2 protein chains.
Amino acid sequence: MPEDNVKKIKMTPQRAAILKYLEGNTSHPSAEAIFDAVRKQYPMISFTTVYNTLQTLKDLDRVWELNIDDERKRYDPNVMLHHHLICMECKKIVDIHMDFQLDVPDEKAQGYMISGRHVEFYGLCPKCRNKKKNND
Amino acid sequence: MPEDNVKKIKMTPQRAAILKYLEGNTSHPSAEAIFDAVRKQYPMISFTTVYNTLQTLKDLDRVWELNIDDERKRYDPNVMLHHHLICMECKKIVDIHMDFQLDVPDEKAQGYMISGRHVEFYGLCPKCRNKKKNND
DNA sequence: TGTTACTTTGTAATCATTACATATTAGCGG
DNA sequence: CCGCTAATATGTAATGATTACAAAGTAACA
Ligand SMILES: [Mn+2]
Ligand SMILES: [Mn+2]
Ligand SMILES: [Zn+2]
Ligand SMILES: [Zn+2]
């Protein structure tokens, strides 16, 4: 029997709606963005439920909480190792799927046990580049 | 005449105290940590002044605002390109001075103009590793 | 179908950060 | 040195994201 290593959570319409919205979503939404999107299908959902569910999913390693945006936390349903590129202007985040060699030799690790790595790139997205250009 | 490319700011005792505290500091302090430290020498300083000064220094590229800690912003007077390792338990941040090859080919950049890069490593610092061990 | 532990909800609290109005002062020009 | 003024510091209030909490509701199991 193929073992199902996805831990079970009690399924509710709210959670289903959040999971459906997140499934395959590469927009790195904030809690607010998730709330706004899910509310369209499920108008009675509360903000707290979004936060609660995100916490639960985080604990189960089903979402990744990103601190790359200085204004708010962003959530990524893709928990496979990958990297990000953020627009410094509009805060749009896109994925960078590349394998960088990021090994830190012991003498540079200062006694830390390293278990995760993440590369952040900063720049301007195409839209914001154009806006800048037109303002010259 | 060797040009002094450090832009002038009006020097105040408050700013001098903050700058002195930051000079060569590799602890990646939060605004609160800066406030607490500076207050020892300069008890009448206000929290707002710390924030104001950090904003000014940021604008002049004399400090780097780090979003690596999910609880609070952290500040780094070393604005040269380098990377960081954060303890997931106590949030202690140390520098990683290494040259990684982090070039993103155009077809992966999705039209973004990339101007910055930063590698974050996550792990456990020596102290927190020991604490974990003793709790087993 | 009944039970109950887990969820949801609304509201209040918290915490970091920013806004603002007022008082102070660094640094320039005379 | 002195006086002026734009820049800065301060205290307090506001904001905005996130978390805490208590009460009501319900998914999932027996
Ligand atoms: Mn991603
Ligand atoms: Mn550093
Ligand atoms: Zn943009
Ligand atoms: Zn630690």
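Reminder, nothing fancy here: chain letters follow the sequence lines and each chain counts from 1. Below, each value reflects all heavy atoms present in this structure, side chains not excepted, and no hydrogens, waters or symmetry copies. Note that the coordinates shown come from a computational prediction; the quantities given were computed from them, not determined experimentally.
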B/Met11 or A/Ile9, whichever maps to the more 5' nucleotide of DNA chain C: A/Ile9
Tell me if a side-chain donor or acceptor on B/Arg129 pairs with a main-chain N or O of A/Gly111 at a distance below 3.5 Å. yes
Output yes when at least one side-chain N/O atom of B/Ser46 is less than 4.0 Å from OP1 or OP2 of D/dA9, else no. no
Looking at the side chain of A/Lys10, which of C/dC6, C/dT8, D/dA6 is the nearest nucleotide? C/dC6
side-chain contact (heavy atoms from CB on, under 4.5 Å) between A/Asp70 and B/Lys73: does it pass, once the steps are laid out? CA-CA 8 Å; A/Asp70 62 331; B/Lys73 290 176 182 165; 4.2 Å; yes
What's touching nucleotides 16-21 of chain C from the protein side, N or O pairs under 3.5 Å?
unit_1 : atom_1 : unit_2  : atom_2 : d
C/dA16 : OP1    : B/Arg72 : NH2    : 2.3
C/dT17 : OP1    : B/Lys73 : N      : 2.9
C/dT17 : OP2    : B/Tyr51 : OH     : 2.5
C/dT17 : O5'    : B/Tyr51 : OH     : 3.2
C/dA19 : N6     : B/Thr48 : OG1    : 3.4

With a cut-off of less than 4.0 Å, is there a side-chain N or O of B/Thr49 near OP1 or OP2 of D/dT10? yes
Out of curiosity, does A/Ile93 fall in the hydrophobic cluster containing A/Ile34 (side-chain heavy atoms, cut-off under 4.5 Å, transitive links)? no
Flag, side chain of B/Asp95 to backbone of B/His97, donor-acceptor distance under 3.5 Å: no
As a check of understanding: the bend across the helix from C/dT1-D/dA30 to C/dG30-D/dC1, end axes from five pairs, rounded to 10 degrees, works out to 40°
Interatomic distance where CD1 belongs to B/Ile45 and C1' belongs to C/dA23 [whole Å]: 17 Å
Could you state the atom-to-atom distance from NZ of B/Lys8 to P of C/dG27 in whole Å? 8 Å
Rounded to whole angstroms, how far apart are CE on A/Met44 and C1' on C/dT7? 15 Å
CG of A/Asp70 versus C1' of D/dG16: gap in Å, rounded? 13 Å
Any chance the rings of B/Trp64 and B/His28 have centres within less than 6.0 Å? no
Between CG of B/Asn67 and C1' of D/dT18 the distance, given in whole Å, is 16 Å
Please state whether the phosphate of D/dT26, meaning OP1 or OP2, lies under 4.0 angstrom from any side-chain nitrogen or oxygen of A/Gln14. no
Atom CG of A/Leu66 to atom P of D/dT18: distance rounded to whole Å? 12 Å
Between A/Glu89 (side chain) and A/Gly123 (backbone), is there a donor-acceptor pair under 3.5 Å? no
B/Tyr21 reachable from B/Leu60 in the ILVMFWY side-chain graph, under 4.5 Å edges: yes
Take atom CG of B/Asp59 and atom C1' of D/dA7, then tell me their distance rounded to the nearest Å. 14 Å
Tell me if the NZ atom of B/Lys58 is crowded by more than 12 foreign heavy atoms within 6.0 Å. yes
Expressed in angstrom and rounded to an integer, what is the separation of A/Phe35 atom CZ from D/dT18 atom C1'? 14 Å
When the ring centroid of A/His84 is compared with that of A/Phe121, is the distance short of 6.0 Å? no
Please verify the inter-ring angle class for A/Tyr51 with A/Phe47; under 30° counts as parallel, over 60° as perpendicular, anything in between as tilted. parallel
Any B/Thr56 side-chain nitrogen or oxygen under 4.0 Å from OP1 or OP2 of D/dT8: no
Below the 4.0 Å mark, does D/dA27 have OP1 or OP2 next to a side-chain nitrogen or oxygen of A/Arg15? no
